[in-house]
Amino acid sequence: MVVLSVPAEVTVILLDIEGTTTPIAFVKDILFPYIKENVKEYLQTHWEEEECQQDVHLLRKQAEEDSHLDGAVPISEASGDGEDDREQVIQAVVDNVCWQMSLDRKTTALKQLQGHMWRAAFKAGRMKAEFFEDVVPAVRKWREAGMKVYIYSSGSVEAQKLLFGHSTEGDVLELFDGHFDTKIGHKVDSESYRKIANSIGCSTSNILFLTDVTLEASAAEEADVHVAVVVRPGNAGLTDDEKTYYSLITSFSELYLPSST
Ligand SMILES: CSCCC(=O)C(=O)COP(=O)(O)O
Ligand SMILES: [Mg+2]
């Protein structure tokens, strides 16, 4: 088995979700279709609720920022003038969400609505998150060795907690010391990793970030974070240069912590 030695200065392991802890297929074949199939009915049912209105407000602001993009879908303000008007705005929100999802955009606005929609499905037991089989045993081992373990995903913190709280391996939320999402910044922006270190109360060089996306690995590395790229079934392929440049692992069990036996 290939072994990757974790540098002695690392005290925090920061994990991506999609393609790292969780198969991309679970996200693409289960989580995302649930949104596309249910978004209209969700909006119709929850429209009057404060949380839903906040989600629509955020999506509308995002739509304004996106107005220069090809195919962008604007969301007008409801005039408050009857059922037809409300249905038109709902349809625009649906179209906007589907457009963003067709591009796999990671906007905070989209991720916030998705998290709220998944809540009911996870809580009712209609959906259970999947993790690669090495994930939970490795995280337990790292914690026993004194590591802190955090999540950094484009999925909202609320959605992350739903995932780890409702999985095929039960509720494993307590294994994590904290969660970060795009509210701290985007994963391809190196400043996000400095803010994460600051929020944890450590130096960026105390962090090892595991991700499947080399643009994220590169941003983290620019901030002096240690990185390893996770190669999982179903992940996007890497170029030969990327394979040579980055430390690669195919399972969390390939990480060797000097402090553990
Ligand atoms: C709670 S994560 C749900 C999956 C998701 O929406 C997503 O965007 C995952 O992105 P990641 O940053 O974990 O690759
Ligand atoms: Mg990922």
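We number each residue from 1, following the sequence as shown. Any value given below was found using the heavy atoms of this structure, including those in side chains, with hydrogens, waters and symmetry copies removed. Everything numeric in this text was worked out from a predicted model, so none of it was measured. In each ligand, atom 1 is the first atom listed, and ligand 1 is the first ligand listed.
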Note: Trp118, heavy atoms under 4.0 Å from ligand 1, region reported as side chain
among protein heavy atoms, the one nearest atom 4 (C) of ligand 1 is Val27 CG1, 3.9 Å
| query | Without hydrogens or angle criteria, can the side chains of Thr182 and Thr108 be said to hold a donor-acceptor pair below 3.5 Å? | reply | yes
Out of Val157, Asp16, Ile17, Thr211, the nearest non-hydrogen contact to atom 11 (P) of ligand 1 is supplied by Asp16
of all protein heavy atoms, closest to atom 9 (C) of ligand 1 is Glu18 OE1, 3.2 Å
Heavy-atom nearest pair, Ala228 first then Leu208, reads N-CD1, 4.1 Å
* Check whether the side chains of Thr214 and Glu242 place a donor and an acceptor atom closer than 3.5 Å, and report yes or no. => yes
* Asked: Is a side-chain donor-acceptor pair under 3.5 Å present for Glu50 with Gln54?
  -> yes
The atom name of the N, O or S atom in Glu18 nearest to the Mg ion (ligand 2) is O
Tell me if the centroids of the rings in Phe132 and Phe252 come within less than 6.0 Å of each other.
no
The N/O/S atom of Asp16 lying closest to the Mg ion (ligand 2) is OD2
Margin query: Is there a polar contact, in the sense of an N or O pair closer than 3.5 Å, between Gln160 and ligand 1?
Written below: no
query = ligand 1 and Asp212, any nitrogen or oxygen pair closer than 3.5 angstrom?
reply = no
Practice problem: Check whether any N, O or S atom of Asp212, backbone or side chain, sits closer than 2.8 Å to the Mg ion (ligand 2). | Solution: yes
The atoms of ligand 1 lying under 4.0 Å from a heavy atom of Ala159, numbered in the order shown, are 1 (C)
Can you confirm whether more than 12 heavy atoms, excluding those of Glu41, are under 6.0 Å from its CD atom? no
(Q) Ring centres under 6.0 Å, that's the criterion: do Phe164 and Phe131 meet it? (A) yes
One finds that the ligand 1 atoms under 4.0 Å from a non-hydrogen atom of Lys106 are 7 (C), 8 (O), 9 (C), 10 (O)
Worksheet item: For ligand 1, is there an N or O atom under 3.5 Å from any N or O atom of Ser153?
Response: yes
Please assess Asn206 against Glu9 for the test side-chain contact (heavy atoms from CB on, under 4.5 Å), listing each intermediate value before the final yes or no.
CA-CA 5 Å; Asn206 297 136; Glu9 65 182 339; 4.3 Å; yes
A student checking ligand 1 against Phe32 at a 4.0 Å heavy-atom cut-off should list atoms 6 (O)
- request: Classify the side-chain pair Gln112/Glu158 by whether it contains a donor and acceptor separated by less than 3.5 Å.
  value: no
Atoms of ligand 1 under 4.0 Å from any heavy atom of Ser154, numbered from 1 in the order shown, are 8 (O), 10 (O), 11 (P), 12 (O)
Q. Between Lys187 and ligand 1, is there a nitrogen or oxygen pair with a distance under 3.5 Å?
A. yes
for atom 5 (C) of ligand 1, nearest protein heavy atom and its distance come out as Lys111 NZ, 3.6 Å
Check: Is the count of non-hydrogen atoms from other residues, nucleotides or ligands lying under 6.0 Å from Lys106 atom NZ greater than 12?
Finding: yes
